[in-house]
Structure formats: structure tokens, C-alpha cells
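Take a look at the structure set out below.
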Amino acid sequence: MNGVLRIGLIGMGRIGKLHGSNLQSLVKGAEIVCAADLYLDEDKERWAKSVGIARCSRDPEDIFEDPDIDAVFICSSTDTHADFIVRAAKAGKNIFCEKPIAVNVSDINRSLRAVEKAGVKLQVGFVRRFDKSHKAVHDAAASGKIGKVYVVKVCSRDPEAPPMSYVEKSGGIFMDMMIHDFDMVRYLSGSEVTEVYAAGGCLVDSHFADYGDVDTAIVTLRFENGALGVIDNCRQAPYGYDQRVEVHGEKGCVRDENQLEDEARLATASGTLGAKPTWFFLERYNDAFVEEERAFVKACLSDAPVPVGGKDGLKAVLIAKAARKSLETGRPVRLDDPDVTSD
Ligand SMILES: NC(=O)c1ccc[n+]([C@@H]2O[C@H](COP(=O)([O-])OP(=O)(O)OC[C@H]3O[C@@H](n4cnc5c(N)ncnc54)[C@H](O)[C@@H]3O)[C@@H](O)[C@H]2O)c1
């Protein structure tokens with residue numbers, strides 16, 4: 001590889017463009033040599049040119065078949081991920097895949113088998129592990145500074161609800177939104193989830209119900225090490241992207257606060273006033289995306305393990321499935337429930 005990882009980018013939508021721009025300008029040792037999108041248009045070609053990608057295609061096969069490409073970034077829609085992972089693995093490419101790997105267990109398992117058989121790397125896009133505040137909370141808890149972990153809390157609220165055209169294909173709040181938080185509670189607790197209990201409702205927009213979905217959900221969790229957890233998600237928070245995590249233990253508590261648009265605080269006789277949290281994930285996790293990309297490129301170039309792998313991708317999906325069943329049945333659901341572990 002001569003110190004340079006030659007990458008094929010698949011999918012030039014929201015997240016593909018973000019990774020593509022970062023890889024081309026902020027990640028040392030990365031070079032995108034081809035970008036493919038089934039719905040390639042002038043706008044995508046213009047964008048590719050603007051970030052210095054020389055070759056565009058409508059067909060990801062052009063990437064898989066190119067022996068000069070070392071790795072792929074799979075940033076296309078979720079329903080394409082499993083097939084592209086299998087194809088990339090067969091072609092001997094290292095793989096970065098956006099979350100989730102797939103929404104059913106058989107597709108994830110066949111992806112992971114292909115990756116293992118080919119001996120390539122697979123990193124899954126759980127970007128929040130690379131946020132420096134969340135990582136500092138994790139590091140403090142993992143170092144033993146707060147002793148035995150009792151409670152893990154994650155609050156994740158979007159500033160505004162997505163359009164119904166997105167909701168229809170999203171896979172539902174647990175698979176689309178809370179999936180990041182399921183990974184985060186595993187990361188923060190240092191333990192595996194054994195049981196979940198979910199409650200949810202359509203409080204923001206009753207149309208979520210048309211797609212069998214909810215817009216607000218609370219999930220409580222039990223972990224193997226005895227700790228308890230709670231995740232709170234809402235599709236609407238007019239003050240901005242609300243992203244806070246906390247770990248409480250026998251010797252203390254560690255938590256972070258929202259990243260604000262600026263740090264200034266106005267204090268007058270009527271009270272104090274500060275800026276709102278940054279608007280959404282592109283702003284809040286901008287630096288974390290770069291760290292995530294650097295970690296993948298470094299792991300490929302130095303042949304080291306990736307920091308977030310296929311098993312992490314699978315575990316988060318299993319928790320999402322258990323949460324869905326709990327919401328539907330109104331009962332706690334164990335992670336070894338056959339409805340969770342199979343399709
Ligand atoms: N990590 C995160 O925080 C985060 C944030 C947003 C999206 N995502 C994930 O990234 C993926 C893409 O989401 P998005 O918001 O960028 O969607 P998007 O719709 O903006 O982009 C998807 C792109 O994939 C292309 N595409 C679809 N099928 C294809 C195929 N067969 N071959 C090649 N290209 C194809 C589409 O034309 C589109 O340009 C989803 O899996 C989503 O869950 C992750």
C-alpha cells in the first residue's frame with residue numbers, strides 16, 4: 001500500500017459526501033480513487049470533482065473489480081450493505097460500512113462469515129465512540145475511577161423529525177436512531193445487554209404510527225455485570241441536538257454536556273443565558289467522523305485491529321430487535337429470545 005490506502009467510495013448521499021470530503025482533505029494516507037452511486041447525477045459528479053475524486057461510476061462493480069483499490073467505504077442505503085460487504089470481502093478489500101450492517105440477523109451473519117473467510121477488516125460506523133467527550137466518559141469509567149458501574153444513561157434527541165418518506169424506509173426508531181445508543185451503552189458499561197424493556201409513543205407526529213413506528217421512546221436495560229441502563233430518544237428537540245451520556249458508579253459519576261454553538265454566557269439581573277446545542281449530527285460529530293476515518297485508515301495501513309468491528313454491529317442490531325419486540329408486547333425481552341437471535 002506504500003503508506004497510501006486507495007479507497008472506493010460507494011454511495012454519494014449525505015454520509016458518503018461527508019466521509020468523502022474528510023478522507024480527501026483531512027485524513028493522512030487516504031485517497032479515494034473511484035466513487036460509485038447507482039443514481040449518479042451532475043450534482044454528485046460536481047461534488048466528486050470538487051474534492052479531487054478522479055473517477056465516478058454508476059456501478060460499484062467498477063470498485064470491486066479494480067485490483068488497485070485496497071478498501072471500500074460503504075455509504076449507500078442500508079438495504080445494500082450486506083451484499084456489498086460480501087462482494088468487497090470476496091474481492092479482498094478492507095471494509096468500512098455505515099451502520100447498521102443490515103436489519104436482520106441472517107444478512108449480518110452472512111456478511112460476517114464472508115469477512116472472516118476473506119481475512120479482511122470490517123469497521124462499522126458507530127461514530128459516537130470517537131466523540132472526545134463520550135470517549136472521556138468511557139475512559140473514566142473504564143479506568144475504575146468511579147468503581148463498580150451502577151447506572152448508564154444516554155439521552156439522544158434529534159432537533160427535528162425527518163420527512164415521512166425517510167421514516168417509511170428507516171427501519172424504525174430502534175434500528176435507525178437508537179442503534180447508536182445501543183452501541184454507546186455497551187461501550188460505556190463495558191458489559192453486554194441481557195434484557196430490555198421499551199416504551200414508546202407518537203407524541204411529535206401521529207403519522208409515525210402509519211409506518212408502525214414511534215417518535216419518542218424510552219428503553220431500560222439490564223447488563224451482564226448487573227448494571228442498569230436507560231436510553232431516552234425523541235425525534236424532536238427544538239433547542240438543537242441533545243446528546244448527553246452519564247455513568248454512575250460506587251465511587252462517583254462521570255457525564256458530559258451538550259456541545260454548544262459557542263461558550264459565551266450572558267448574565268443579567270433576570271438570569272443567565274447561553275447558546276443552544278449545535279444543530280444536528282453533521283455539526284456535533286464532525287470531529288468524531290474524522291477520528292473514525294483516521295482510525296480505519298490507520299488500522300488498514302498498519303494491519304492492526306479496527307476499533308469497532310462486525311460483532312459490535314451485530315450486537316447493536318440484536319438489542320434493537322429486542323426493543324422492538326418489547327414495544328410490541330409490552331413486556332421485557334431477553335437478548336437470548338429466539339425472536340431476537342433469528343430472523
Ligand atoms: N453514522 C451516522 O451517524 C449516519 C448518519 C446518516 C446516515 N447513516 C447511514 O448511512 C447510510 C446512508 O445514509 P444517507 O443518509 O447518506 O442516505 P442518502 O439517501 O443520502 O444516500 C444514500 C446514497 O446511496 C446511493 N445508493 C443507493 N443504492 C445504491 C446502490 N445499489 N449502489 C450504489 N449507490 C446506491 C443513493 O443514490 C444515495 O446517493 C445509511 O445506512 C444510514 O443508516 C449513518
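Counting starts at 1 for both ligands and their atoms, in listed order.
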Tell me whether [X] reaches ligand 1 (any heavy atom closer than 4.0 angstrom to a ligand atom).
| X | result |
| --- | --- |
| Lys17 | no |
| Phe126 | no |
| Phe84 | yes |

Numbered atoms of ligand 1 (with element) below 4.0 Å of [X], judged on heavy atoms:
| X | answer |
| --- | --- |
| Pro60 | 32 (N), 33 (C) |
| His81 | 41 (O) |
| Lys44 | 37 (O), 39 (O) |
| Gly13 | 16 (O), 20 (O), 21 (O), 23 (C), 39 (O) |
| Gly125 | 1 (N) |
| Phe289 | 3 (O) |

Going by a strict under-4.0 Å cutoff (protein heavy atoms only), does atom 32 (N) of ligand 1 have a neighbour on the protein?
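Protein heavy atoms within 4.0 Å of atom 32 (N) of ligand 1 - there is at least one.
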
Is there a protein heavy atom at a distance of less than 4.0 Å from atom 24 (O) of ligand 1?
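When distances to the protein are checked, atom 24 (O) of ligand 1 has a heavy atom within 4.0 Å.
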
For ligand 1, note which part of [X] has a heavy atom under 4.0 Å away: side chain, backbone, both or neither.
| X | value |
| --- | --- |
| Arg14 | both |
| Phe281 | side chain |
| Thr80 | side chain |
| Lys99 | both |
| Phe280 | neither |

Can you tell which of Gly171, Cys75, Ser170 gets a heavy atom nearest to atom 12 (C) of ligand 1?
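Among Gly171, Cys75, Ser170, the closest heavy atom to atom 12 (C) of ligand 1 belongs to Cys75.
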
For [atom], what's the nearest protein heavy atom and its distance?
| atom | value |
| --- | --- |
| atom 41 (O) of ligand 1 | Thr78 OG1, 2.8 Å |
| atom 11 (C) of ligand 1 | Ser76 O, 3.4 Å |
| atom 44 (C) of ligand 1 | Glu98 OE1, 3.2 Å |
| atom 2 (C) of ligand 1 | His180 NE2, 3.6 Å |
| atom 34 (N) of ligand 1 | Leu38 N, 3.2 Å |
| atom 28 (N) of ligand 1 | Ser77 OG, 3.6 Å |
| atom 4 (C) of ligand 1 | Ile15 CD1, 3.6 Å |
| atom 38 (C) of ligand 1 | Asp37 OD2, 3.5 Å |

By side chain to side chain donor-acceptor pair (under 3.5 Å), which residues pair with Lys17, not counting sequence neighbours?
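Counting only residues at least two positions away or on another chain, Lys17 forms a side chain to side chain donor-acceptor pair (under 3.5 Å) with Asp43.
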
Student check: side-chain heavy atoms of Val297 and Leu23 closer than 4.5 Å:
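SC-SC contact between Val297 and Leu23 confirmed.
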
So, do Met12 and Cys56 sit near enough that their side-chain heavy atoms are less than 4.5 Å apart?
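Side chain of Met12 against side chain of Cys56, heavy atoms only: contact under 4.5 Å found.
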
Can a side-chain donor-acceptor contact be found between Asn94 and Asp70 if the only test is distance below 3.5 angstrom?
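Result is no, nothing qualifies.
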
Taking 4.0 angstrom as the limit, do [X] and [Y] come out as a salt bridge?
| X | Y | result |
| --- | --- | --- |
| Asp312 | Arg129 | yes |
| Glu192 | Arg186 | yes |
| Asp83 | Arg110 | yes |
| Arg284 | Asp131 | yes |

Please report the closest heavy-atom contact between Ala102 and Ile108, naming both atoms and the distance.
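Distance-wise, the nearest heavy atoms are O-CD1, 3.6 Å.
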
Which residues satisfy the side-chain contact (heavy atoms from CB on, under 4.5 Å) test with Asp336, sequence neighbours excluded?
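Counting only residues at least two positions away or on another chain, Asp336 forms a side-chain contact (heavy atoms from CB on, under 4.5 Å) with Arg334.
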
Verify same cluster id: Leu221, Val245 (apolar side-chain graph, 4.5 Å):
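Yes, Leu221 connects to Val245 through the hydrophobic network.
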
From Leu18 CG over to Asn286 CG, what is the distance, rounded to the nearest 0.5 angstrom?
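Leu18 CG to Asn286 CG: 6.5 Å, rounded to 0.5 Å.
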
Okay, side chain of Gln236, backbone of Val204: is any donor-acceptor separation there less than 3.5 Å?
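Not at all, since once roles are kept as given, no pair shorter than 3.5 Å links the two residues.
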
Could you tell me if the ring centre of His134 sits under 6.0 Å from that of Tyr187?
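No - the distance between ring centres of His134 and Tyr187 does not fall below the 6.0 Å cut-off.
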
Set out, in order, the CA-CA distance, both residues' side-chain angles and the distance that settles salt bridge (charged side-chain N to carboxylate O under 4.0 Å, His left out) for Lys325 and Glu328, then state yes or no.
CA-CA 5 Å; Lys325 180 169 177 186; Glu328 283 166 2; over 6 Å; no

